[in-house]
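Below is one structure; the comments refer to it alone.
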Amino acid sequence: MRMDRIGREPEFSRYMDLKEGWLDRRIFSDADIYEEELYRIFARSWLFVAHESQLPKAGDFLTTHMGEDAVIVTRQPDGTIKVYLNSCPHRGNKVCFADAGNTRRFVCNYHGWAFNTAGELQGMHEEYCYDEGDIDRKKNGLRQVARVGSYKGLVFATFAEDGPSLDAWLGDFRWYLDMLLDNEEGGTELVGGCIKSVISANWKFGVENFIGDAYHAGWTHDSGCRSMNNGQPFPPIDMENSYHASVNGHGWEFGTEGVGDLFLLGRPKVMEYYEKMRPKMADRLGTMRSQIFGSVASASIFPNVSFLPGISTFRQWQPKGPMQFELKTWVIVNKAMPDDIKDEVTKGVMQTFGPGGTFEMDDGENWENCTTVNRGVVTRHERLHYRCGIGRQIDHDTLPGIVYRGQYNDANQRGFYQRWLDMMEATDLEAMPPRPEPRLTGIAETRDLPGLFAL
Amino acid sequence: MDVASLIDTSTGRQSRSIYSSDAVYRQELERVFGRCWLFLAHISQIPRPNDFFRTYMGEDDVIVIRQKDGAVKAFLNTCTHRGNRICRADRGNARSFTCNYHGWSFAPDGALAGVPLENEAYFGELDRSKFGLVPVAQVAEYKGLIFGCFDPAAPSLDDYLGDAKFYLDVWLDALPGGTALVGETQKMVLNTNWKLPVENVCGDGYHLGWAHAGAMMAVQSMDLSGLSVGNSSANLDGGLSVAGLNGHMALTSLDGVSGYAFYPEPKPMLDYLEANRPTVTERLGKTRGEQLWGSQINITIFPNLQFLPGLNWFRVYHPKGPGQIEQWTWAMVENDMPENIKATILDNQCLTFGLAGLFDNDDGDNLAACTEQSRGWRTAQMDVYTNMALGRSGAREGFPGDIAAGLVSEHNQRYFYRRWQEHMQASSWSDVPTYNLNPLGSREAVNA
Amino acid sequence: MNQTSTVERPSTGAAASLEVSHALTQTLYREARRLDDEDYAGWVAMLADDLHYHMPGIETRYRRDTTDQITDLTRMAYYNDNLDEIKKRLSRLETGTAWSEDPATRYTHIVTNVEVENTEKADEFRVFSNFYAYRNRNERDEDSLIGNRIDIWREAGGAYQLVKRRIILKHNIMLSKNLNIYL
Amino acid sequence: MLDLHPEPALHDVVTALTQRLFHEARLLDDERFEDWLELLCEDVSYHMALKSRRFRADRSAPIAVGAGNVFNDNLARLKLRIDRLRSGFVWAEDPPNFVRRVVSNVEVLPGDAPNETIVHSVIVIHRNRIDGQNRLLTAGRTDRWRKGGEGWRLAAREILLDHSVLPDSNVNVFF
C-alpha cells in the first residue's frame with residue numbers, strides 16, 4: 001500500500017486545541033488536508049462496508065466505497081465475506097456497475113477478463129493472444145482489502161494490514177452498539193434498497209452532527225418536531241440523567257428516558273412494540289441499556305457511519321472531495337419484528353430522515369453553508385467553538401468510555417476530532433493510545449459487566 | 001511567485017497566466033482583496049437602523065448593517081460556533097440574525113445576543129463577548145459609498161482614495177442632495193477573470209465602436225458620444241485617460257453631455273443638465289462642472305468598483321475563482337433629480353446595461369473567451385499587451401493624475417496592472433507605494 | 001411482506017375522451033402551478049382521502065436481476081405516503097421554524113407528455129406524464145429532477161382528485177441535499 | 001374549498017392558444033423575429049421584474065424608485081432589441097447559438113374582457129453556446145392574449161425568472 005505519506009512530519013495538531021475547545025475551519029474545506037484524510041484515515045480505518053443481511057446467499061454482492069476507493073463486497077460459498085477493489089488489474093475499468101445483486105462472476109466490459117466472486121482471475125476473452133508466461137493469473141486477481149471483520153451483522157473492512165483488530169477498534173463501544181444490534185433475539189437487518197443523495201458539504205459535518213449534537217435539534221428541527229408531534233416542540237432535556245460517551249472516536253449521546261427517539265418516529269405501533277419488548281430487552285442487556293435505547297439519542301462509528309437508535313435510520317457519509325459527500329441512508333430493523341412493524345419503521349424513517357423527511361430537510365442546508373461560507377480567505381482562518389460542557393466529565397460505574405454528564409455537550413465531537421488527530425498524526429497505528437483504556441476485553445463481557453444494573 | 005515577471009508596465013506586457021493561474025488567484029485574494037478597501041454598499045441601500053445588505057469581500061461573505069446610532073458596521077457572515085452562514089437573504093431589515101443550525105443569534109452590532117439553552121448546555125459558562133460576529137477590520141464612508149477593509153494596517157479610506165476623489169466627486173458631490181443607488185441588484189455569472197472587466201471599463205474606449213456597434217446603431221439617438229460605429233472614424237481627441245492615482249482611474253469625455261447619449265429621449269436629461277449646471281459649477285468648479293459633469297465618464301476604484309455617471313450604472317465584480325465572477329449592477333441617481341428622471345434612468349438601464357441590456361450583452365462572451373484563451377498549456381505561457389499610446393502621458397492643467405489624451409488609449413490599463421503588481425509584490429501595506437501624480441495645489445486650483 | 005403498489009396496471013389502450021383528456025391536462029397544469037406557488041392548501045384540496053403517493057428509491061441493477069424495485073412497498077422509498085402523512089410533511093412549513101425554507105426556494109414544475117386513459121372504473125382515469133422540476137435556492141444552488149409519473153385521478157362532483165401517484169425519479173443517487181418539493 | 005375548477009376555457013380555445021404558444025416558441029427558436037412581432041398587440045407589454053432574496057418576514061422599506069427590471073418593454077423597445085440583433089454587429093450571436101424553447105403547462109383561464117384570456121405557462125430555454133457550454137434558463141409566464149381579426153395576439157406577458165443570479169453572460173433571447 002502507498003503509505004509513503006504516513007511517515008511525513010505531521011502538523012495537524014495546529015488545527016485544533018481540544019483542551020481549549022476550538023477547531024480551525026480549514027479542516028472542513030482544504031483540499032490538501034482532505035487528500036491526507038483519504039490516506040491517513042480512510043485507507044487505515046475499519047470502514048463499514050455492508051450489513052450481513054444485505055448478502056444472505058452465496059454470490060450476493062454489493063458495491064460501495066472505502067474512502068473514494070470503489071469496492072465490491074461479496075458473500076462466498078463458504079459463508080465468509082470478501083472485499084476487493086472494483087477495478088480490473090488490466091486497464092483499471094470498473095468490473096461491476098450495479099449497486100447490488102447476485103452473480104457467479106464479474107466480467108470486465110472492456111476486454112472480457114472474468115473474475116469469480118472471490119475476486120480470482122478465471123479467464124480472459126481471446127486468451128490465446130497471451131503467450132506462455134505473459135500472465136500469472138494468481139497475481140492478477142482483484143486487489144483484496146487487507147482485513148475483513150464483522151460485528152453482530154455489521155461488516156467492516158480495512159486496507160491496513162497492521163493496526164488494531166476490529167474488536168479493539170470498536171473497543172468498549174460494543175457495549176453501546178449492542179443496544180442497536182442485539183436488543184432482540186435474531187439481531188438486525190437492513191430494509192431493502194438504499195436512498196442516496198449528494199450534499200455539498202464536508203463529510204465531518206455529518207458525522208459530528210450525529211455523534212453528539214443534540215444541541216441543534218431543538219432549533220434546526222423545531223419545524224420537523226412540531227410537524228411529527230401535533231405542533232408540540234421538543235421537550236426539555238434532563239441534563240442530570242443524560243450523557244455523552246466517547247470511545248476511540250466513536251460516540252453515543254443519549255438520554256435515559258427510553259422513549260424520545262421512538263416518539264419522534266411518529267409511529268405509535270412501533271412505540272407499543274418496544275414498550276412490550278422492554279422487559280425482555282432488560283433481561284438481555286440490563287435495565288440501564290433497556291432504558292437508554294429509544295431515548296433521544298444519536299451516535300456515530302468512527303470515521304463515517306451514523307445512526308439513530310430508536311428512529312432506526314442508519315447511514316454512511318461517503319467523502320467525495322473536501323466539499324462534497326454522498327449520504328447513503330438505510331433503515332435498520334430487528335429481524336424478529338413482525339412485517340407490519342418493519343413497514344411502520346420504514347415509513348417512519350423515510351418521513352423523518354429520508355431526503356424528503358421532516359427532519360432531514362433542514363440539515364443539508366446547514367452543513368452546506370458551514371462548508372461553503374468558509375471559502376473566504378479571511379473566514380477560513382477563524383476558529384470554531386467546541387467547548388460546550390468541557391468541564392463536565394464524570395466517572396460512571398456502569399457506562400464505559402469517556403463519559404460526560406448532560407446531553408448538550410461537545411464532548412463526543414471533541415472525542416471524534418481527537419481520534420481524527422490521532423489517526424492523522426500516527427505513524428504506527430498500534431501505538432495509537434486507546435481513548436480511554438478499555439474495561440472490556442471480550443465480546444461476552446458486553447453482556448456481563450459489574451454494576452450493570454445500577455441505574 | 002515571480003510577480004515581477006508577470007507584468008512589464010514599461011512595455012505594456014502582461015502574462016496571460018494572471019488570468020488563469022490558481023496560484024496567482026490565491027495570492028490576489030490575500031494581497032489585493034484581503035488588503036484593499038472594497039466597496040460594500042451605498043448608504044441609500046441601508047437607510048434605516050437594522051437595514052442590512054449582504055455582499056462579498058473577495059470570496060468572503062459579509063453582512064453590512066446600519067446601527068441604531070446611524071453608524072455602519074460589517075461582519076463576516078459566518079457563525080462563530082460551527083461556521084454556518086447566518087444570513088441567506090440578499091437584503092432587508094433585521095433586529096437580529098439567527099443561525100439555522102443551533103439558533104445562536106447575533107445583534108445588529110455583532111454581539112452574540114442569544115444562545116439557546118445557555119444554562120442547560122453551557123451552564124452559563126460561555127463567554128459571549130468572545131463569540132460575537134467577526135467584524136471587518138475597518139469600515140468607512142466616503143460621501144455615501146461605504147467601503148470595508150480586512151487589513152487593520154491599511155491607510156485610511158481618505159488616503160486610499162487620494163486624488164481620485166476629484167473625479168469621484170463628479171457624481172458624489174455634484175449636487176447638495178447627494179446620490180443613491182436604485183433598484184434591486186442585477187446579478188450575473190460571467191466566466192471571466194475579474195481583471196478583464198475592470199480593464200475593459202477603466203480604459204478601453206477602443207472596444208466601444210466595435211464590440212457595441214450593434215447596440216449603438218440600434219439605440220444612439222444623437223451623435224453625442226463622438227464615437228461612431230465600427231472604429232473607423234471616431235473622434236479620438238475628445239477625452240482624457242486619467243491614471244496615476246493609487247490605482248484608481250477615470251476615462252472621460254469633456255463635452256458635458258455625452259453620458260446621456262443613449263437615452264431614447266435625451267431632451268429631458270439635457271434639460272436637467274442645463275438647469276443644474278450652474279449649481280454644479282459653483283460646487284465643483286468650472287472644469288468639472290462644465291467638462292466632466294454629464295459627460296461619459298468611467299470611474300474605477302481599485303480593485304473592483306466601477307461606475308459611469310451619465311450612463312448611470314454602478315458595478316462591482318466579486319471573484320469566484322480565477323475564471324469566474326459575479327457581476328453586480330445597480331442604477332445610480334442624484335437625489336435632486338425629479339422622480340421621473342430617476343425612473344427613466346432605472347428603466348433605461350434595463351435596456352442598455354441590465355441583465356438583458358443591449359450593451360452589456362456584447363461584453364460577456366469577449367471577456368469569457370479572453371479568460372478561456374489564457375488557460376491552455378501553451379496560451380498560459382503567452383503574453384497580452386496594453387501598449388497603445390505608450391509614453392504619451394503627462395500633466396494636464398486643471399486635472400490631477402498622469403493623463404493621456406483621448407478615450408482610445410491603453411494608458412489606464414497599464415496603471416491598473418502596475419497597481420496590481422505593486423500589491424502582489426508587497427508583503428504588507430508598508431511596501432505599497434503611494435502616488436497621486438500632478439496633484440492640484442489647492443482648493444482654489446480646483447475651482448479655477 | 002407482500003405489499004405491492006397497484007397503481008400500475010397494463011395499459012388498457014383506451015384513450016379517454018377529448019373532454020376528459022383536456023380537463024385532466026389542465027388539472028395537471030393547475031396542480032403544477034400550485035406547487036410552484038407553494039399553494040399547498042390548494043394542492044391538498046386536489047388530493048383524494050384515500051391517496052397513495054409513492055416514489056421508490058431505485059438502485060442500479062443488472063438487467064437479469066429480478067428484484068422488484070418499483071412496486072414492492074416494503075423497500076426504501078422517498079415517499080410512501082397516505083394523505084395524513086403528506087399533510088404531516090406539509091405541516092412542517094406551517095410551523096414558522098422551517099429555517100431552511102426562508103428565504104423561499106424558487107420552483108418550476110414542467111409537466112408534459114400527458115396521456116389519459118380510461119380504467120375499468122368509469123369515474124377513474126389513468127394519467128401518464130413526464131415532469132421536469134427545477135429548483136433554485138440561495139444564490140446559485142440549482143438542481144433538476146426529471147422523471148415520469150403514473151397517476152389515477154377520480155372524477156367527483158365535476159372535479160378531479162388525485163388518488164394514486166407513482167413517481168419514478170430517474171436518479172440513482174439524488175443529486176441534491178433534500179427533497180423540499182413534491183413531484 | 002378552493003377554486004378547484006373554475007369554469008375551464010373551452011377546449012378549442014385551449015388548443016388554439018397552446019398551438020399559438022408552441023408556434024411562438026418555434027418562431028423565436030428560428031429567429032423569425034419579424035413574424036414574432038406579428039403575434040404581438042400594438043399595446044403589448046413585455047415585462048420581467050428583478051427580485052432579490054428576502055426573508056419571508058422582511059420588514060425593510062420598499063426600494064426607492066423601484067426594484068428595476070430585466071425587461072420592461074413596449075412594442076417600440078422590443079423592436080429596438082430586434083434591430084440590434086439584426087444589425088450584424090452582435091458578435092455574441094455570430095455564429096448563432098443553438099436555442100431551443102420548451103413550453104409546457106399551458107393553462108388557460110377566462111380573462112377580464114370577453115375577447116381576452118389569461119394563459120399560464122412555463123418555459124425552459126436551452127442555449128448551446130461556444131464549445132460545450134449549455135445554459136438552461138427557466139421561467140414561469142402569465143400572459144394576456146387577445147382575440148381579434150388575425151386570431152390570438154399577445155397583449156401582456158409577465159415573466160418570473162427562477163434564477164437569482166443570471167447563469168449566462170447575456171440575455172439575447174426572448175422568453
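We name chains A, B, ... by the order of the sequence lines, and we start the count at 1 in each one.
Each salt bridge (Lys or Arg N to Asp or Glu O under 4.0 Å) pair with one or both residues in residues 124-135 of chain B, not counting sequence neighbours, appears once here: B:Glu118-B:Arg128, B:Asp127-B:Lys130.
Here the NE2-SG distance, from A:His385 to B:Cys79, works out to 10.5 Å after rounding to the nearest 0.5 Å. In this structure, CD in B:Glu59 is found 5.0 Å from CZ in A:Arg375, a value given to the nearest 0.5 Å. The structure places OG1 of B:Thr80 at 13.5 Å from CZ of A:Arg383, a figure rounded to the nearest 0.5 Å. Atom-to-atom distance recorded for A:Thr220:OG1 and B:His102:NE2 is 6.5 Å, nearest 0.5 angstrom. Put simply, CG on A:Asn369 and CZ on B:Arg88 are 6.0 Å apart, with the number rounded to the nearest 0.5 Å.
Not counting sequence neighbours, the partners of B:Tyr56 by the ring-ring contact (aromatic ring centres under 6.0 Å, His included) test are B:His318. Considering only residues two or more places apart in sequence or on other chains, A:Glu326 meets the side chain to side chain contact (heavy atoms under 4.5 Å, CB included) condition with A:Lys196, A:Gln318, A:Lys320, A:Lys328, C:Ile173.
Side-chain N or O atoms of B:Tyr122 include none that pairs as donor or acceptor with a backbone N or O of A:Arg387 at under 3.5 Å.
In terms of heavy-atom pairs under 4.5 angstrom with chain A, the leader among B:Leu29, B:Val62, B:Ile86 is B:Leu29. Top candidate by heavy-atom pairs under 4.5 Å with chain A, chosen from B:Leu126, B:Asn77, B:Thr78, is B:Thr78. Looking only at heavy-atom pairs under 4.5 Å with chain B, the residue among A:Glu208, A:Arg25, A:Arg392 that has the most is A:Arg392. If you tally non-hydrogen atom pairs under 4.5 Å between each of B:Leu76, B:Thr98, B:Asn100 and chain A, the highest count goes to B:Asn100.
Both the backbone and the side chain of B:Val115 come within less than 4.5 Å of a heavy atom in chain A. Heavy atoms closer than 4.5 Å to chain B are found nowhere in A:Trp22, neither backbone nor side chain. Residue contact with chain A, scored on non-hydrogen atoms closer than 4.5 Å, involves the side chain of B:Phe150 exclusively.
Defined by atom type and a distance below 3.5 Å, a donor-acceptor pair is present between the side-chain atoms of B:Tyr101 and A:Asn209.
Below 4.5 Å, heavy atoms of chain B meet heavy atoms from A:Glu365, A:Asn366, all part of residues 358-366 of chain A.
Judged by the 6.0 Å and 45° rule, B:Arg82 forms a cation-pi pair with A:Tyr386.
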